[in-house]
**Student:** 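Structure incoming, see below.
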Amino acid sequence: MARVTLPDGSTLEIAEGSTAKQVAERIGAGLAKAAVAAKIDDKLVDLSTPIANSPRLQIVTPKDKDGLNIMRHSCAHVMAEAICSLWPQTRLVYGPTVEDGFYYDIDLDEPIRPDDFPRIEARMREIAEADKPIVRREMSRQEALEELKGDPYKTDNIQRAEGDVISFYSHGNGFRDLCRGPHVPSTGKVGSFKIMSVAGAYWHGDPTQKMLQRVYGTSWPTKKELDEYLNRLEEAKRRDHRVIGRQLDLFSFSEMGPGFAFIHPKGMIVWNEIVDFMRQLNRKYGYKEIRTPIILNEELWRRSGHWDHYKENMYFCEIDQVGYAVKPMNCPGGCLLYKTTKHSYRELPLRLAEFGMVHRHEASGVMHGLFRVRQFTQDDAHIYCAPNQIEAEIIGVINLIFETYRAFGFEDFNVELSTKPENHIGSDEIWETATNALEAALRHKQIPYKINEGDGAFYGPKIDFHIKDCLSRSWQLGTIQLDFSMPQRFELTYVAEDNAEKTPVMIHRAVLGSMERFLGILIEQYAGALPLWLAPEQVRVLTISEKTNEYAVAVQAKLSEAGLRCGIDLSDEKIGAKIAKSHGEKIPYMMVVGPKEAESNMVSVRMRGSQDSRTVSVEQFLARARQKIAVKTADLAF
RNA sequence: GCUGCUGUAGCUCAGUCGGUAGAGCGCGUCCUUGGUAAGGACGAGGUCCUGGGUUCAAAUCCCAGCAGCAGCUCCA
């Protein structure tokens, strides 16, 4: 007899050599049916695994994260079998799970097209309905290599695999794949699935290697969950800032300048509201503002290190036979400004902010609306300080960053620390000191963080700040980078208390990162229905008929004078059409005025997204609207 | 940059077998003067992405380029 300990602490006597599946059956028929795998002493295994000794045991179902991944991984195998049966010359490479699904990389010269997906899915359904057992077979590494001789991909996989035992899984009509497992017990347990897309992917992600086809699929425990997921994708599509940006006339792109955004008048209103707010915060946190040139002499970029470490991303030009570069970052220009006067320790920390427009040559395939462009404006700043001020300054920046995100309605952040990359300047000691300083600040603020090894900027380590939007998509916004190298390269100095010239430390920071990207993120977060304080047109007066045009114009004038962005619709449309149009343009408030309102000197206010209206005086409305703008709320109700 | 797909009116998209282009929305004019999610009539608007090729004839077929889209790699 053996004894297993279940997750709730209870124990179960079982016959020696019973499988995990049999334990599940002992616990309950429902669990046995739902089970896809088991965890024996925290190790995930197949349900068919015999139990030895007296371990802890947990039955894994697709309700667990682990179970879901196992189900998806098995689904990837079923998809692989389907593809192999349709294209027998297919060579399988690697098929892992990813967030929300899985993919399988295959080597097949004939391109798989979206038109082929229904065929693949149909074959997968056949395989799933057959509900064939998925069987594990183990052999030694040597045997496995022999078995797969001539298959460069799988041979490579074996060589990368850990341990001496190599396992294969097979199911159905002779389909077999090298795989660590575990897998669901049979092909019927791969959930509700759908092939999503196909795209190219390099072998090992290495651009010098062969381009493979990566077929993406998703699978969920139930049809309902699959549909919910597909709806979520639809929702993301509905919020696409590129589409909304065009519909709401906020920005555009032209073939005349790929990756260079045109911000339209309405987009500029949002932009300027954001900038005004950031300026206000900069003042609060003790920053001064500067502005530095877009184009500067090549010599500057050699000195800063950009020439050696960033040249592929830069644009160059010539002025009077002299080489110049378009700035990809604001820091070198800022250093020149710093050097225009002699500085005392009394001035430090010197915090200089700049809404700096930078140009970076991004690869043509990576551009994506406002999220990835070749010209963008950073809400940048550089803090020049003494070494003993570093931690306090970093904490100050962290406070500023969190205050900003909360004001825009983002409450869910996560933080990453990136360390020394291969391509870097400065000594190892400098890097260690800088990295330790960043970690110390994070610990002081008790902020949990993830480490990204080798992901720092070429001049220093960095802390990156990510926010999650309403669809729980993650976006990188802010960054804090600690830099001991640039001040040395530019021979920046300050006079210390002892009258000696010393080198300041430089902290690079951006809060929103890129104004363009942030504008795009806001559009998606609010699906274009921006909070009142950001809305390009905050109110629109809608007339019932021409008879009250005069009163309507007076109302508009009153609201405009009070500082609200107020439009008016005097067209000879019916009121229903005007309301529909205003809703389409996502105007927060509509004020319907007709003879009734004109007579009583009131307005009938209707909110975006609501069917109701309320009749109030213009003054009442103004007071509420002003208050909502002041607190930057997204809630329109009053 | 790489792989695949796409490119027709301001926008979203039809366009059959190769025979010189259509709809809806939007825009303009007029009619309509109305009460909370689209009233009616008429009209203007197109280098069918660009350049080659095949053909009596190309939006349509072929090639190249450009741009966009989905990914890969990279990144704010």
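Every chain is numbered from 1 and lettered A, B, ... according to where its sequence line falls, protein lines coming before strand lines. Quantities reported herein were computed from a predicted structural model and do not represent experimental measurements.
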**Student:** If the C1' atom of B:A70 is compared with that of B:G28, how far apart are they to the nearest Å?
**Tutor:** 39 Å
**Student:** Can you check whether A:F376 stacks with the B:A76 base, using ring centres under 5.5 Å and planes within 30°?
**Tutor:** yes
**Student:** Treating A:N272 as the side-chain partner and A:M268 as the backbone partner, does any N or O pair qualify as donor plus acceptor under 3.5 Å?
**Tutor:** yes
**Student:** Kindly indicate, with the supporting measurements, whether the criterion side chain to side chain donor-acceptor pair (under 3.5 Å) is fulfilled by A:D100 and A:T218.
**Tutor:** CA-CA 6 Å; A:D100 294 332; A:T218 189; over 6 Å; no
**Student:** Rounding to an integer number of angstrom, what distance separates B:C61 and B:U16 when you compare their C1' atoms?
**Tutor:** 16 Å
**Student:** Which part of the nucleic acid does A:G365 contact within heavy-atom distance under 4.0 Å: base, sugar-phosphate only, or nothing?
**Tutor:** base
**Student:** Tell me the stems RNA chain B sits in, counting at least three consecutive Watson-Crick or G-U wobble pairs, each under 3.5 Å on both distances.
**Tutor:** B:1-7 with B:66-72, B:10-13 with B:22-25, B:27-31 with B:39-43, B:49-53 with B:61-65
**Student:** Any side-chain donor-acceptor pair under 3.5 Å between A:D380 and A:H508?
**Tutor:** no
**Student:** When the C1' atoms of B:A58 and B:C75 are considered, how many whole Å apart are they?
**Tutor:** 43 Å
**Student:** Testing the 3.5 Å rule here: is there a donor-acceptor pair between the side chains of A:E289 and A:N282?
**Tutor:** no
**Student:** Taking only the P atom of each, what is the distance from B:U60 to B:C72 in whole angstrom?
**Tutor:** 33 Å
**Student:** Applying a 4.0 Å non-hydrogen cut-off, can you work out what A:K237 is touching in the nucleic acid: base, sugar-phosphate, or nothing?
**Tutor:** nothing
**Student:** Looking at residues at least two apart in the chain, or sitting in another chain, which of them share a side-chain contact (heavy atoms from CB on, under 4.5 Å) with A:S610?
**Tutor:** A:M607, A:D612
**Student:** Of all of residues 258-277 of chain A, which get a heavy atom below 4.0 angstrom from RNA chain B, listed by number?
**Tutor:** A:P258
**Student:** Listed by chain and number, what are the side-chain contact (heavy atoms from CB on, under 4.5 Å) partners of A:N452, not counting sequence neighbours?
**Tutor:** A:E416, A:S418, A:K450, A:D455
**Student:** Is A:A510 touching bases, backbone alone, or none of the nucleic acid, heavy atoms closer than 4.0 Å?
**Tutor:** nothing
**Student:** From CG of A:L370 over to C1' of B:C75, roughly how many Å is that when rounded to an integer?
**Tutor:** 16 Å
**Student:** Taking only residues two or more places apart in sequence or in another chain, which ones pass ring pair (Phe, Tyr, Trp, His ring centres under 6.0 Å) with A:H466?
**Tutor:** none
**Student:** What's A:E362 touching, base or sugar-phosphate or nothing? Going by heavy atoms closer than 4.0 Å.
**Tutor:** base
**Student:** With under 30° as parallel and over 60° as perpendicular, where do the rings of A:H361 and A:Y315 fit, or are they tilted in between?
**Tutor:** perpendicular
**Student:** Under 4.0 Å, counting only non-hydrogen atoms across every strand here, what does A:E597 touch: a base, just sugar-phosphate, or nothing?
**Tutor:** base
**Student:** What I want to check is whether an N or O donor and acceptor connect the side chain of A:R214 with the base of B:A70 at under 3.5 Å.
**Tutor:** no
**Student:** Which protein N or O atoms sit under 3.5 Å from an N or O of nucleotides 4-6 of chain B?
**Tutor:**
residue: B:C5; atom: OP1; partner: A:R113; partner atom: NE; Å: 3.1
residue: B:C5; atom: OP1; partner: A:R113; partner atom: NH2; Å: 3.0

**Student:** Could you tell me how far B:U55 sits from B:G46 if I compare only their C1' atoms? Round to whole Å.
**Tutor:** 25 Å
**Student:** Any luck finding a side-chain donor-acceptor pair between A:T543 and A:K578 under 3.5 Å?
**Tutor:** yes
**Student:** Can you list every pair that meets salt bridge (charged side-chain N to carboxylate O under 4.0 Å, His left out) and has a residue in residues 360-377 of chain A, with sequence neighbours left out?
**Tutor:** A:E362-A:R372
**Student:** With sequence neighbours excluded, tell me which residues meet side-chain contact (heavy atoms from CB on, under 4.5 Å) with A:K154.
**Tutor:** A:L92, A:Y104, A:L148, A:D151, A:N157, A:D177, A:L178
**Student:** May I have the distance from A:R372 (atom CZ) to B:C74 (atom P), rounded to whole angstrom?
**Tutor:** 10 Å
**Student:** With C1' as the reference atom in both, quote the distance from B:A38 to B:U32 in angstrom, rounded to an integer.
**Tutor:** 15 Å
**Student:** Which is true for A:M367 with a 4.0 Å heavy-atom rule: it touches a base, it touches only sugar-phosphate, or it touches nothing?
**Tutor:** sugar-phosphate
**Student:** When the P atoms of B:A59 and B:G53 are compared, how many Å lie between them, rounded to an integer?
**Tutor:** 15 Å
**Student:** Quantified in whole Å, what is the P atom distance between nucleotide B:G10 and nucleotide B:U73?
**Tutor:** 38 Å
**Student:** To the nearest Å, give me how far apart OH (A:Y104) and C1' (B:C72) are.
**Tutor:** 18 Å
**Student:** In Å and rounded to the nearest 0.5 Å, what is the CD1 to CZ distance from A:I263 to A:F251?
**Tutor:** 7.5 Å
**Student:** Is a salt bridge present between A:D249 and A:K266, judged by a nitrogen-to-oxygen distance below 4.0 Å?
**Tutor:** no
**Student:** Go through B:A76, B:G1, B:A67 for me and flag the one nearest to the A:Q476 side chain.
**Tutor:** B:A76
**Student:** Kindly say if A:K581 contacts the phosphate of B:G26, meaning a side-chain N or O under 4.0 Å from OP1 or OP2.
**Tutor:** no
**Student:** Taking atom types as they are modelled, would you say the side chain of A:R242 forms a donor-acceptor pair with the base of B:C69 within the 3.5 Å cutoff?
**Tutor:** no
**Student:** Can you check nucleotides 9-14 of chain B for protein contacts, nitrogen or oxygen pairs under 3.5 Å, and list what you find?
**Tutor:**
residue: B:U12; atom: OP1; partner: A:R246; partner atom: NH1; Å: 2.9

**Student:** Please state whether the base of B:A76 and the side chain of A:Q375 form at least one donor-acceptor pair under 3.5 Å?
**Tutor:** no
**Student:** Heavy-atom nearest nucleotide on RNA chain B for A:G584 versus A:Q378: which residue maps closer to 5'?
**Tutor:** A:G584
**Student:** Please tabulate, one pair per line, all N/O donor-acceptor pairs under 3.5 Å involving side-chain atoms of residues 524-531 of chain A, not counting sequence neighbours.
**Tutor:**
residue: A:E524; atom: OE1; partner: A:R473; partner atom: NH1; Å: 3.0
residue: A:E524; atom: OE1; partner: A:R473; partner atom: NH2; Å: 3.1
residue: A:E524; atom: OE2; partner: A:H241; partner atom: N; Å: 2.8
residue: A:E524; atom: OE2; partner: A:H241; partner atom: ND1; Å: 2.8
residue: A:Q525; atom: OE1; partner: A:C470; partner atom: N; Å: 2.9
residue: A:Y526; atom: OH; partner: A:F408; partner atom: O; Å: 3.1

**Student:** Around A:E599, counting heavy atoms of other residues, nucleotides and ligands shown, do more than 12 lie under 6.0 Å from its CD?
**Tutor:** no
**Student:** How does protein reach along nucleotides 28-34 of chain B, written 5' to 3' as B (base within reach of a heavy atom under 4.0 Å), S (only sugar-phosphate), or - (no contact)?
**Tutor:** ---BBBB
**Student:** For A:S600, what residues pass the side-chain contact (heavy atoms from CB on, under 4.5 Å) criterion, not counting sequence neighbours?
**Tutor:** A:M602
**Student:** Once you round it to whole Å, what is the distance between C1' of B:C74 and CZ of A:F371?
**Tutor:** 18 Å
**Student:** Counting any heavy atom closer than 4.0 Å, what does A:S582 reach on the DNA or RNA strands: base, sugar-phosphate only, or nothing?
**Tutor:** nothing
**Student:** Using distance alone, with no hydrogens and no angle criterion, decide if A:S571 and A:K581 have a side-chain donor and acceptor under 3.5 Å apart.
**Tutor:** no
**Student:** Name the nucleic acid region contacted by A:V358, choosing base, sugar-phosphate or nothing; use a 4.0 angstrom heavy-atom cut-off, strictly under.
**Tutor:** nothing
**Student:** Apply the test side chain to side chain contact (heavy atoms under 4.5 Å, CB included) to residues A:I480 and A:I398: give CA-CA distance (whole Å), side-chain angles for both, the deciding distance (0.1 Å), then the verdict.
**Tutor:** CA-CA 8 Å; A:I480 304 175; A:I398 292 173; 3.8 Å; yes
**Student:** Does the side chain of A:E597 come under 3.5 Å of the side chain of A:T615 through a donor N or O and an acceptor N or O?
**Tutor:** no
**Student:** Over all strands shown, is A:Y216 touching base, sugar-phosphate only, or nothing at heavy-atom distances under 4.0 angstrom?
**Tutor:** sugar-phosphate
**Student:** To the nearest Å, how far apart are A:I106 CD1 and B:G71 C1'?
**Tutor:** 14 Å
**Student:** Determine the contact category for A:K578: base if any of its heavy atoms lies under 4.0 Å from a base atom, sugar-phosphate if only primed atoms, P, OP1 or OP2 are that close, otherwise nothing.
**Tutor:** nothing
